[in-house]
**Q** 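One structure is given below, represented as structure tokens, and several questions about it will come after.
Along the sequence shown, residues are numbered consecutively beginning with 1. Below, all heavy atoms of this structure are taken into account, side chains as well, without hydrogens, waters or symmetry copies.
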Amino acid sequence: MSQSVFCNYIAGEWVEGVSAIENISPADLSDTIGHYAQADEKQTLAAIDAAKVGQLEWQKIGLEQRYSILMAIGDELIARKDELGKLLAREEGKTLAEGAGETYRSGQFFHYYAAEVLRQMGETADSVRPGVEIQTHREPVGVVGIITPWNFPTATGAWKIAPALAYGNAIVFKPANQVPASAWALTEIISRQGLPAGTFNLVMGPGAIVGEVLINSKKINALTFTGSLETGRKVAAATAVNLVKCQLEMGSKNALVVLDDADLDNAVECAVGGAFFGTGQKCTASSRLIVTEGIHDKFVEAVIERMKKLVVGHPLKEGVHIGAVADARQMAQNLKYLEIAKNEGATLAIGGEVITEETEGYYLKPALFINTTNDMTINRDEAFAPIACVIKVKDYEEALATLNDTNYGLTGGICTQSLHFATDFKRRAQTGCVMINLPTAGTDYHVPFGGRKDSSFGPREQGSNAKEFYTIVKTTYMRA
Ligand code: NAD
């Protein structure tokens, strides 16, 4: 294979794959980012075996060294945020500012979990048997399989890799094949930190090959997955057979409720930012805008005016707010849902046009539909597109019932100046995260993240909650 292929990283070595894919920018189809190695079943199994060996060594490393390694990874991500953010923007299509912001945030995950390394405390208890003491402490779960989607190429990896390492685990990391460059760049940083060989392994390749090996392996002790509901179900089924611990973060159909008493300007910013930034390709995007009838017309008019100011274009161009759609498959899905919405009787108020740029790529103007109902396909399925639909409702109770009427439950938002409604919403929204006078997208790194219903399965990610997934509790009984 040619020297210019970016290799997999297995057992502390850079290893060529059995083939390679060309990574092309969705913003400029003439821009080849690189060729990336593709692992097969044998290489993936070798990575798992290497992780088994590496984990035993990594577990023995002192806490201060572990802390320093995680800090160094975080430092480098932050120092190189513009360079790596540009790479991310080129391969995923989001804007440079979003790419740099994601890289910076990824560094913060490593810093946060560096500190968590030093906060690993156990508990003691007296036994019911006199003279016997009990201790509980947490141990690494072992080898963690990490499977990530394409929409947050660096951050999703970071928020899984950082806690996995912090709590003493070894990793086999399989990024989405649409975005191998960011995963490779992160791996390259990790490869220079002196980790025991096998502690961290990168295996790039298709879900149907590399992913399937990981989810069906009995040697993996825990499997953390972020991606679609459809794949998540497969992961849950496969890991259940082997009784492998599993954590799933999947899709959603988030809604933002706007009540009559909302601050209109803020509600418009929450709706437009939450629905369209990141090209709508966020699991936390607000694709449903549930608006009470007193503010409905004013709100729709203001959102349309705000959308007219959104600049869609090449992600690296200054002044662009919305970059490119991630790939041809996602673009086809977006267009399919635009058609479905129109055919179901929704009114396209603005947007939805495919546009041409100086570079050939996948560019779509954000679309707003009005006169939609919650039973329409466009309000049931996750389109993962820059498409938002307004659902007009009578009052708060109808708004809340509409928000909860979905099989998903990641985030839910409300814009209101009423403490009564905000408090009630916080209690009754059937979502893992609740946003009050804020966009549904945009979360912190030091607190738990996750959803309900078909959006999530297993322990929460992020914050100190991550230890529930990445560790196992041991109980020790001692007679002096
Ligand atoms: P996807 O399910 O197609 O792919 C996700 C990952 O799974 C990829 O690495 C893919 O190669 C792998 N995969 C595919 N088939 C597999 C199989 N049979 N076995 C094992 N692995 C397999 O999802 P996607 O299109 O990459 O990402 C978009 C989805 O991710 C959306 O539904 C979005 O909502 C979701 N997402 C959720 C969160 C969250 O935290 N809840 C965050 C980001 C994205």
**Q** Kindly give the heavy-atom pair with the smallest separation between Tyr363 and Ala324, and that separation in Å.
**A**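 In this case the closest contact between Tyr363 and Ala324 is CE2-CB, 3.8 Å.
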**Q** Please say whether more than 12 non-hydrogen atoms of neighbouring residues, nucleotides or ligands are located less than 6.0 Å from NZ in Lys426.
**A**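 For Lys426, atom NZ is not crowded (no more than 12 foreign heavy atoms under 6.0 Å).
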**Q** According to the interplanar angle, ranging from 0 to 90°, do the rings of Phe109 and Trp159 count as parallel (below 30°), tilted (30 to 60°) or perpendicular (above 60°)?
**A**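 The rings of Phe109 and Trp159 sit tilted, inter-plane angle from 30° to 60°.
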**Q** What closest approach, in Å, do Thr347 and Asn371 show between heavy atoms, and which atom pair accounts for it?
**A**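 Taking every non-hydrogen atom into account, OG1-ND2, 2.9 Å.
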**Q** What closest approach, in Å, do Leu84 and Ala185 show between heavy atoms, and which atom pair accounts for it?
**A**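 Shortest heavy-atom separation between Leu84 and Ala185 comes out as CD2-CB, 3.8 Å.
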**Q** Are the side chain of Lys453 and the backbone N or O of Thr406 linked by a donor-acceptor pair below 3.5 Å?
**A**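 Looks like yes, one N/O pair under 3.5 Å.
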**Q** Do Asn465 side-chain atoms and Pro459 backbone N/O form a donor-acceptor pair below 3.5 Å?
**A**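 Between the backbone of Pro459 and the side chain of Asn465 there is no qualifying donor-acceptor contact (under 3.5 Å).
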**Q** Report the distance from atom CG of Leu364 to atom CD of Gln330, rounding to the nearest 0.5 Å.
**A**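 Atom-to-atom, Leu364:CG and Gln330:CD are 10.0 Å apart.
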**Q** Under the side chain to side chain donor-acceptor pair (under 3.5 Å) criterion, do Ser418 and Asp261 qualify, and how do the steps go?
**A** CA-CA 7 Å; Ser418 153; Asp261 71 352; 4.6 Å; no
**Q** Between the side chains of Thr279 and Lys94, is a donor N or O closer than 3.5 angstrom to an acceptor N or O?
**A**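 No donor-acceptor contact under 3.5 Å links the two side chains.
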**Q** If we ignore hydrogens and angles and just use 3.5 Å, is the side chain of Arg452 paired with the main-chain N or O of Thr411 as donor and acceptor?
**A**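 Answer holds: no.
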**Q** Is there a side-chain contact between Thr148 and Phe173 (heavy atoms, below 4.5 Å)?
**A**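 When only atoms from C-beta onward are counted, Phe173 and Thr148 do touch, with a gap below 4.5 Å.
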**Q** Under the 3.5 angstrom rule, does the side chain of Asn201 hit a backbone N or O of Ile171 as a donor-acceptor pair?
**A**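 Between the backbone of Ile171 and the side chain of Asn201 there is a qualifying donor-acceptor contact (under 3.5 Å).
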**Q** Has the side chain of Thr440 got a donor or acceptor atom that lies under 3.5 Å from a matching backbone atom of Thr284?
**A**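 Confirmed, Thr440 side chain pairs with Thr284 backbone.
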**Q** Which pair of non-hydrogen atoms, one from Thr154 and one from Ser182, has the smallest distance, and what is that distance?
**A**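 The pair with the smallest heavy-atom distance is OG1-CB, 3.4 Å.
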**Q** Side chains of Tyr396 and Asp424 only: does a donor on one sit below 3.5 Å from an acceptor on the other?
**A**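 The criterion, which ignores hydrogens and geometry beyond distance, is satisfied for Asp424 and Tyr396.
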**Q** Ignoring hydrogens and angles, tell me if any N or O in the side chain of Asn404 forms a donor-acceptor pair with the backbone of Arg428 under 3.5 Å.
**A**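 Present.
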**Q** Please test Glu83 against Lys86 for side chain to side chain contact (heavy atoms under 4.5 Å, CB included), starting from the C-alpha separation and ending with a verdict.
**A** CA-CA 5 Å; Glu83 171 212 341; Lys86 186 173 171 187; 5.9 Å; no
**Q** What I'd like to find out is whether the side chain of Glu468 reaches to under 4.5 Å of the side chain of Arg138, using heavy atoms alone.
**A**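 Glu468 vs Arg138: side chains touch.
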**Q** For the backbone of Thr471 and the side chain of Lys245, can you confirm whether one donor and one acceptor N or O come within less than 3.5 Å of each other?
**A**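 Present.
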**Q** Could you check if a side-chain atom of Asp454 sits within less than 4.5 angstrom of a side-chain atom of Met250, using non-hydrogen atoms only?
**A**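 Not touching, per the 4.5 Å side-chain cut-off.
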**Q** If we only count heavy atoms from C-beta on, is the Phe421 to Cys415 side-chain gap below 4.5 Å?
**A**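 When only atoms from C-beta onward are counted, Cys415 and Phe421 do not touch, as no gap falls below 4.5 Å.
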**Q** Stepwise, does the side chain to side chain contact (heavy atoms under 4.5 Å, CB included) test hold for Gln120 with Tyr167?
**A** CA-CA 8 Å; Gln120 299 185 45; Tyr167 296 115; 3.7 Å; yes
**Q** Can you tell me how far the CZ atom of Arg80 sits from the CD1 atom of Ile189, to the nearest 0.5 Å?
**A**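 It comes to 4.5 Å.
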**Q** Within the supplied structure, the quantity of interest is the number of heavy atoms (other residues, nucleotides, ligands) at a distance under 6.0 Å from Lys219 NZ; does it exceed 12?
**A**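 Result for NZ/Lys219: open.
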**Q** Indicate whether any N or O donor in one side chain lies under 3.5 Å from an N or O acceptor in the other, for Glu91 and Asn23.
**A**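 There is such a pair between these side chains.
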**Q** Indicate yes or no: at least one non-hydrogen side-chain atom of Leu202 is less than 4.5 angstrom from one of Leu186.
**A**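 Side chain of Leu202 against side chain of Leu186, heavy atoms only: no contact under 4.5 Å found.
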**Q** If you round to the nearest 0.5 Å, how far is CD1 of Ile190 from CD of Glu76?
**A**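 If we round to the nearest 0.5 Å, Glu76:CD and Ile190:CD1 are 10.5 Å apart.
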**Q** Tell me, yes or no, whether the heavy-atom count around Glu188 atom CD, taken from other residues, nucleotides or ligands under 6.0 Å, exceeds 12.
**A**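 Yes, because the 6.0 Å sphere around CD of Glu188 holds more than 12 heavy atoms from other groups.
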**Q** Do Met307 and Pro366 touch side chain to side chain, with heavy atoms closer than 4.5 Å?
**A**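 A side-chain contact exists here, since the closest heavy-atom pair is under 4.5 Å.
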**Q** Which pair of heavy atoms, one from Asn151 and one from Phe384, lies closest together, and at what distance?
**A**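 So the two residues come closest at ND2-CZ, 3.2 Å.
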**Q** May I ask you to check whether over 12 heavy atoms, not counting those of Phe449, lie within 6.0 Å of atom CZ?
**A**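 Counting other residues, nucleotides and ligands, CZ of Phe449 exceeds 12 neighbours.
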**Q** Applying side chain to side chain contact (heavy atoms under 4.5 Å, CB included), run through Leu96 and Asp82 and close with a yes or a no.
**A** CA-CA 8 Å; Leu96 183 54; Asp82 293 329; over 6 Å; no
**Q** Going by atom types alone, do Lys160 and Thr224 pair a side-chain donor with an acceptor below 3.5 Å?
**A**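 There is such a pair (donor and acceptor under 3.5 Å, judged by atom type) between the side chains of Lys160 and Thr224.
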**Q** CG/Leu256 to CG/Leu438 distance, rounded to the nearest 0.5 angstrom?
**A**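 Here the rounded value is 10.0 Å.
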**Q** Write down the atom of Val325, the atom of Pro26, and the distance for their closest heavy-atom approach.
**A**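 Minimum heavy-atom separation between Val325 and Pro26: O-CB, 3.2 Å.
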**Q** Could you check whether atom NZ of Lys317 has more than 12 heavy atoms from other residues, nucleotides or ligands sitting under 6.0 Å from it?
**A**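 Yes, enclosed.
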**Q** Is the ring pair Tyr9/Phe200 parallel, tilted or perpendicular, if the boundaries are 30 and 60 degrees?
**A**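 Correct class here is tilted.
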**Q** Taking Arg306 for the side chain and Glu269 for the main chain, is one N or O donor matched with an acceptor at less than 3.5 Å?
**A**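 No, the answer is negative, given that no donor and acceptor are paired below the 3.5 Å cut-off.
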**Q** Pair Arg66, Leu118 - check side chain to side chain contact (heavy atoms under 4.5 Å, CB included), show working.
**A** CA-CA 9 Å; Arg66 222 189 276 175; Leu118 301 171; over 6 Å; no
**Q** What distance separates Tyr445 OH from Gln108 CD, expressed to the nearest 0.5 Å?
**A**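 Output value for this atom pair is 4.0 Å.
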**Q** To the nearest 0.5 Å, tell me how far Ile78 CD1 sits from Arg105 CZ.
**A**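 Going from CD1 on Ile78 over to CZ on Arg105, the span is 10.0 Å.
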**Q** Do Ile161 and Phe110 have side-chain heavy atoms sitting under 4.5 Å apart?
**A**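 In short, these two side chains touch, coming nearer than 4.5 Å.
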**Q** Begin with the C-alpha distance, continue with both residues' side-chain angles, and end with the deciding distance and a verdict on salt bridge (charged side-chain N to carboxylate O under 4.0 Å, His left out) for Lys342 and Glu339.
**A** CA-CA 5 Å; Lys342 288 177 204 161; Glu339 277 314 299; 3.5 Å; yes
**Q** Do the side-chain N and O atoms of Glu249 and Thr226 include a donor-acceptor pair separated by under 3.5 angstrom?
**A**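 The answer is no; no qualifying pair exists.
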**Q** Any donor-acceptor pair under 3.5 Å linking the side chain of Asp444 with the backbone of Val447?
**A**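 Side chain of Asp444 to backbone of Val447, a donor-acceptor pair under 3.5 Å: no, none is there.
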**Q** Verify, without hydrogens or angle tests, whether Gln55 (side chain) and Gly168 (backbone) share a donor-acceptor contact under 3.5 angstrom.
**A**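 Yes: the side chain of Gln55 pairs with the backbone of Gly168.
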**Q** Counting C-beta onward and ignoring hydrogens, is there a side-chain heavy-atom pair between Ile147 and Ile215 closer than 4.5 Å?
**A**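 When only atoms from C-beta onward are counted, Ile215 and Ile147 do touch, with a gap below 4.5 Å.
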